[in-house]
2 protein chains.
Amino acid sequence: MNGPDMENSELLKLEEFLPYRLSVLSNTVSRGISAAYVDRFGLSIREWRIIAVLGRHPSLSAAEIVKMTAMDKVAVSRAVARLTASGRLERSLSDADKRRSVLVLSKDGKRLFEQISPLAKSYEKRLLKCLGSEDQERLSDILDNLQRRAKALRPPD
Amino acid sequence: MNGPDMENSELLKLEEFLPYRLSVLSNTVSRGISAAYVDRFGLSIREWRIIAVLGRHPSLSAAEIVKMTAMDKVAVSRAVARLTASGRLERSLSDADKRRSVLVLSKDGKRLFEQISPLAKSYEKRLLKCLGSEDQERLSDILDNLQRRAKALRPPD
DNA sequence: GTATAATCGTTACATCTGTAACTAATTTAT
DNA sequence: ATAAATTAGTTACAGATGTAACGATTATAC
């Protein structure tokens, strides 16, 4: 080894580097989604996430949304402000704890969730069509493992 | 179906939605990398990508870097400007085509690449430790397929 | 050869994002 | 009961980002 045709094995090949590949894939997919449906409704991806969470779990506080969306509290605060301003969300204060907000989709917000959900699912379905059903299940498990692991590997918040 | 305990199958469960899971995973991993080594050297992830590409492929133009990094040309232009300013990169103009730049790592840039490469590989190795070797190979194939597919699904640039 | 179109990279502008600082409300400790 | 610490959410600021417009150069069409 270390002769003229060694493999240079210690040097990184970006195109094979898992973090890089995940980032590129995630960006490609996100752009596809925006183009496919989120843009049309004047939503950002983050606003859409909040709609999606509140669509299935009404009456969450901002802090609970933080936990369920992997967004930080500033991002949630801003997205909630925009959604409230555009009439998709209704915000009130908790009686028990006057710091806490109680967030609920408005009629309009619910309609949005019901309109976009099937589009999102259809996109996902088309995306997954390139995999056999066995690979689909395997992928899901792998992603769970990687997520757990990645979380453990990074420094505490 | 459609009774009180229907599965609501047309409504999206964010936590199971592949694009969402990819985004969360990619962000977690990227933060881990930044914290683990990129930050220490005063590099952004994008600057690091350019270092990595030029480390293995010297004398690229900005447009070629665009193709190899999935970054857009503005992002490349800005990252190259910073890397040049900080002495990690040397920029000259092509003789044949005076629009084209010719980019090469400086001595300092090369050293950076050689220092960070093993750290990056080690991070990747630790991340992948949660998967068996069979799953690791499977994952690689799956990501390739998904990337191709996601690219095909989104509107032409 | 000249006009037109395409390419390379940068700049300008508006928006988005992350970090830290902040106010207000609640909890904990003493 | 009061002081200190914690929690919820917002705001302020600096820096990052995406889109569009731009100047400069080269390629193409006629």
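Remember, predicted model here, so these are calculated numbers, not experimental data. Below, read A as the first sequence line, B as the second, and so on, with proteins coming before strands; counting in each chain starts at 1.
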Closest heavy-atom pair, B/M68 versus B/L60, reported as atoms and distance to 0.1 Å, is SD-CD1, 3.7 Å
With a non-hydrogen cut-off below 4.0 angstrom, is [X] in contact with a base, only sugar-phosphate, or nothing?
| X | result |
| --- | --- |
| A/K98 | sugar-phosphate |
| A/A79 | nothing |
| A/S101 | sugar-phosphate |

Hey, are B/R138 and A/E134 close enough for a salt bridge, meaning a charged N less than 4.0 Å from a carboxylate O? yes
Using 4.0 Å as the upper bound for N to carboxylate O, is an ion pair formed by B/K121 and A/E10? no
Rounded to the nearest Å, what distance is computed from the [atom1] atom of residue [X] to the [atom2] atom of nucleotide [N]?
| X | N | atom1 | atom2 | value |
| --- | --- | --- | --- | --- |
| A/L103 | D/dA8 | CG | C1' | 12 Å |
| B/M71 | D/dT17 | CE | P | 8 Å |
| B/I65 | C/dG9 | CD1 | P | 9 Å |
| A/N27 | C/dT17 | CG | P | 12 Å |
| B/E64 | C/dT7 | CD | P | 15 Å |
| A/R100 | D/dT6 | CZ | P | 18 Å |
| B/E47 | D/dA16 | CD | P | 8 Å |
| A/K73 | C/dT19 | NZ | C1' | 11 Å |

Side-chain N or O of [X] versus OP1/OP2 of [N]: is the shortest distance under 4.0 Å?
| X | N | result |
| --- | --- | --- |
| B/R99 | D/dT26 | no |
| A/R91 | D/dT10 | yes |
| B/R46 | D/dT17 | yes |

Any donor-acceptor N or O pair under 3.5 Å, side chains B/S23, A/R49: yes
Nearest to the [X] side chain among [options], which nucleotide is it?
| X | options | value |
| --- | --- | --- |
| A/S77 | C/dC13, D/dT10, D/dG9 | D/dT10 |
| B/V74 | C/dC16, C/dT11, D/dT17 | C/dT11 |
| B/R82 | D/dA16, C/dT10, C/dG18 | D/dA16 |
| B/R78 | D/dG9, C/dT7, D/dT19 | D/dT19 |

Identify, between A/D72 and B/A81, the residue whose nearest nucleotide on DNA chain C lies closer to the 5' end. B/A81
Could you go through the side chain to side chain donor-acceptor pair (under 3.5 Å) check for B/S140 and A/R21 one step at a time? CA-CA 9 Å; B/S140 187; A/R21 293 171 71 195; 3.1 Å; yes
